[in-house]
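Data block below; observations after.
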Amino acid sequence: MGISRPVLVTTAALAVAVLLAPAPATALPASVALPGEPGPPGGPGPSRERGGGDPALSRAPLSATAEALRHGTPSFVKDRGYPRRTALKSPAANPADKSIKLGLIPYHSIAPRLNELQKLSDRVSVEVAGRSANGRELYLVTVTAPESAGQVREQERMRERIENSPASAARDKQLKSAYKTPVFINNNIHGNEWEGTDAALKLIEELAKAKDAKTAGLLAKNRIYLNVTANPDGRVAGTRANANGFDLNRDFITASQPESRAIRQLAIDKQPAVMLDLHGYVNGTLIEPTTPPHGENYEYDLFLKNSYANALGMEKAVNGLGYTAEKDGVKPVEIPFRDQTEGWDDWPPIFTPQYMPFQGAVASHTIEFPMRVNNQSYETLPVEELRRRSAINTDIAGAAMRATLDYTHANRGSVIADQIETFRRGAAGEAQRPVSEETVPGVPGIGPEDVYTTTFPRAYVIPAGRGQRSATAAGRLVDHLVANDVRVERALMSFRLAGKTYPAGSYVVDMRQPKRGIANVILAEGRDISPDVSAMYDISGWSLGLLWGATVDKAVSGELRVLGRPVRAAAPTGSVARHGDLRLRLDDPRELAAVNSLLAQGVKIRRTADGAAIVPGSARRHAALVAERFSVVFDSTKERGVAPLERTRVAAAGTAGEQFALREMGFDVVPVSTAILNAGFDWRGVDALFVSTGLSHAALTPAARDAFRDSGVAVVGLGADGAALTGAAGLLQATAVEGNGDANGVVRVSNAGGVITGGAPGHTFVYSPVWFTGLGSGVRVDQSYGGGNPLVSGHWRAGADGTGGPADAAGKPSVVSGTSATGAKVALFGTEPLFRAHPKGVFAQIGRALLNH
């Protein structure tokens, strides 16, 4: 990938302090969801992240965060023949691997098994597709008939024609006949949803050993790619998340983690036409396609046609196994598109199967096994029952895989043609085809509620020079576009578009390109879908164009005439003024990382009244090094600054995404909780407290309360929990008003400037939004929600009683700050600037508040 990720700067190792709490002693039915997990179709709304995630990040070594930030995306070999045999190194045996109790394969046994399978047949190839956050290898298995290097090059030539010359490919009958249809099976992306891995290994062995003509024909015309375990760290630990505490199946489009970046690159390089993502646990077995709302950037008519037909084949295969509710506890298959009204949508592209259509998949599915074996069930059920359930799940996963291969092989001509058509429409700039019984014959029940389309603009421009609010942010966004296989050009000369003149060096995204869908997903502001459905499965707004800190202009129409060159990576942005003292805007996480690096090196830095950093000219050599490292710009200044900045060590009670984002900005982070404070926490080792969840003032012992009160540390609180702590401790007079807890999305805000919101963009992200009333004397309003309806994109309705909606929040304070009676600096946020390490353009608001201790 083009982006150069910053290296985390730290001065202290992270103490491993948080352990898994013991599970309650009561087992749950197989279909009941737990906090932080998806619920069954038709159940309650979104599964709220706040307080519901695994504490894996707190248990992981600090190096896991650093590795995730440092490394880019692996690239896959394209010019070697098949088979591609790799002698995998076997990890040390780990008797604590959580798979063992279920009678499933532990991670340390996968490499030896794959080495055996490679010897078994020349149909089996194994490659290392990357590494997990904790450094474990990700194994990619390709099953296909042997190919020479020349045949591989010819397949790659056809793959590139399908993407880059789709109109020509559509007319080429020989290509459609000779091209091997790529199928991708992704397993175990949630670490404690194990069985896909075991089913994949059984499938590989079956295909390797089979002697029948059907299998030979299948492998002669198709390539089957299997990501054996997408989350080995979670598989070993028995956690949903990876070692950094991230739900990897929420990390597309951000791609903050190495595992999701590996999958993204596989999608780009292999260009699967059909894919499966294996999960648990919903009884009966859930097989997508989904309920509305459907992602508006898909070519949904092509997608629904294939996904629904394949789902029917998988349903028949799974139900045909003979499991019943009476005999085995297994209910019949459910297909949400057919069987549900809402609650299991494919609107956000953050899930793997919802990301894949933008890279060419015309059928992609989440499969949810029926029999729960994780969490409370894992702890309380007898081993024999757990293994019975796991065996059923493995059987069902295998049936879904085989049915998908049958569908793909039987329909490979139309599947390939539909992938070509997806890219052709994008390159031609054609309008989408709304789904209907006429455009998608054979799919019953299509109604107006299923029609979601968009009008693609003519182009997006990321301007250079004075038209760009942050060159650092612009470069990061461009690199991210390129990493997602979006075509970007850099203008060699100035040009005009839609009545506006842009300077040379500006970046242009021509929306007449094969992968216009992913370009629009990343750059568009999105849509307010609050009127369309009562609740969403997960987030509903995510615009990188509004949330990543860059200026992005949308040209709805106009003649695009740009003399430019294709971009493989953004132009370097790091620079240092040659004379005088230096001013660094602290509007971007990389700028925070740069200033924290300088502070760690002992450079004396002061801040300005509007929150920028002043670095003395005597530290120019240090500044030059961090400018190159973090791609930041130091301007010349005569400002002297109003107060010193000091290195800040942060005690953090927050989600994995929040802690990860703090480390991305270069802060030393020490995880804390109510239990840790009650055990006797030494506040002398930290400078500030960040709190959003996991810390209750009421549950603190008197000694812990006194120690916190006397510490004098700065406090930055997020959401209702953060405000509750500061209110109970008497730190700041402000009343937090909670909006609809199901609300989320991109909102307009008005910034007052100053230390916290100086230079902040006019948009931010909310998740269970909060605003503040009853402000005491001396409490400053740093930011307010926009007037009218502040929601730009997402889902935010009033509650059942008519309150808590965006109209109630309009104009109300969203960020406030002040000084407590003990002299501690306090800031409260009703927004989510660090949510899942995603909205990078607003990270700095939290970073500034922490530095202002």
Please name the pair of heavy atoms, one in [X] and one in [Y], separated by the smallest distance, quoted to 0.1 Å.
X: D247; Y: A241; answer: N-CB, 4.2 Å
X: G343; Y: Y537; answer: O-CD1, 3.5 Å
X: A200; Y: N187; answer: CB-ND2, 3.5 Å
X: Q257; Y: A133; answer: OE1-CB, 4.4 Å
X: L276; Y: A400; answer: CD1-O, 3.8 Å
X: A230; Y: N186; answer: CB-OD1, 3.8 Å

Next item on the list: For side chain to side chain contact (heavy atoms under 4.5 Å, CB included), just list the numbers for E288 and Y308, CA-CA rounded to whole Å, side-chain angles, deciding distance to a tenth of an Å, and then say yes or no.
Entry: CA-CA 8 Å; E288 293 180 340; Y308 190 80; over 6 Å; no
Note to self: What I'd like to find out is whether the side chain of S364 reaches to under 4.5 Å of the side chain of F303, using heavy atoms alone.
What the structure shows: yes
Margin query: Test side chain to side chain contact (heavy atoms under 4.5 Å, CB included) on K221 and L218; report intermediate values, then the result.
Written below: CA-CA 6 Å; K221 290 292 187 178; L218 171 73; over 6 Å; no
Between the main-chain N or O of [Y] and the side-chain N or O of [X], is there a donor-acceptor pair closer than 3.5 Å?
X: E334; Y: D339; result: no
X: N393; Y: M371; result: yes
X: Y298; Y: L304; result: no
X: R235; Y: I105; result: yes
X: T290; Y: D346; result: yes
X: N222; Y: L219; result: no
X: N188; Y: E193; result: yes
X: Q419; Y: G360; result: yes
X: N374; Y: N192; result: yes
X: R261; Y: S256; result: yes

Residues [X] and [Y] bridged, charged N to O under 4.0 Å:
X: E137; Y: K89; answer: no
X: D122; Y: R85; answer: no
X: R388; Y: E385; answer: yes
X: R159; Y: E156; answer: yes
X: R113; Y: E116; answer: yes
X: K214; Y: D406; answer: yes

Report the residues that fulfil side-chain contact (heavy atoms from CB on, under 4.5 Å) with [X], sequence neighbours left out, ordered by chain and then residue number.
X: I100; value: D97, P106, H108
X: E449; value: P292
X: T422; value: E299, L302, V362
X: A311; value: I287, P289, I335, H365

Gap between atom [atom2] of [Y] and atom [atom1] of [X] - 0.5 Å precision:
X: T181; Y: H409; atom1: OG1; atom2: NE2; value: 9.0 Å
X: L104; Y: T394; atom1: CG; atom2: OG1; value: 5.5 Å
X: I350; Y: Y355; atom1: CD1; atom2: OH; value: 14.0 Å
X: L201; Y: D198; atom1: CG; atom2: CG; value: 6.5 Å
X: R240; Y: N375; atom1: CZ; atom2: CG; value: 9.0 Å
X: I420; Y: K176; atom1: CD1; atom2: NZ; value: 5.5 Å

Could I get the full list of side-chain hydrogen bond (donor to acceptor under 3.5 Å, both in side chains) partners for [X], not counting sequence neighbours?
X: S307; result: none
X: R338; result: E315
X: T404; result: N310
X: S260; result: D251

Any side-chain donor paired with an acceptor under 3.5 Å for [X] and [Y]?
X: Q359; Y: Q271; value: no
X: Q354; Y: W347; value: no
X: D345; Y: T291; value: no
X: E259; Y: N231; value: no
X: D277; Y: H279; value: yes
X: T144; Y: K180; value: yes
X: N134; Y: D233; value: no
X: Y82; Y: Q155; value: no
X: N306; Y: D418; value: yes

Check: Between Y107 and Y139, is the ring centre distance below 6.0 Å?
Finding: yes
Check: In chain order, what residues pass the ring pair (Phe, Tyr, Trp, His ring centres under 6.0 Å) check against Y179, with sequence neighbours excluded?
Finding: none
Checklist line | With sequence neighbours excluded, residues passing ring pair (Phe, Tyr, Trp, His ring centres under 6.0 Å) with F184 | finding: none
Notebook entry, point to check: Would you find more than 12 non-hydrogen atoms of other residues, nucleotides or ligands less than 6.0 Å from K101 atom NZ?
Noted result: yes
Next item on the list: For residues 193-236, pull every pair meeting ring-ring contact (aromatic ring centres under 6.0 Å, His included), keeping only residues two or more places apart or in separate chains.
Entry: W194-Y378
Next item on the list: Quick one: which residue pairs count as a side-chain hydrogen bond (donor to acceptor under 3.5 Å, both in side chains) with a foot in residues 318-330, not counting sequence neighbours?
Entry: Y323-D395
Next item on the list: Measure the acute angle between the ring planes of H294 and Y452, then classify it against the limits of 30° and 60° as parallel, tilted or perpendicular.
Entry: perpendicular
Next item on the list: Take R264 and L266 through the test side chain to side chain contact (heavy atoms under 4.5 Å, CB included) and record every step on the way to the result.
Entry: CA-CA 5 Å; R264 179 183 66 188; L266 190 152; over 6 Å; no
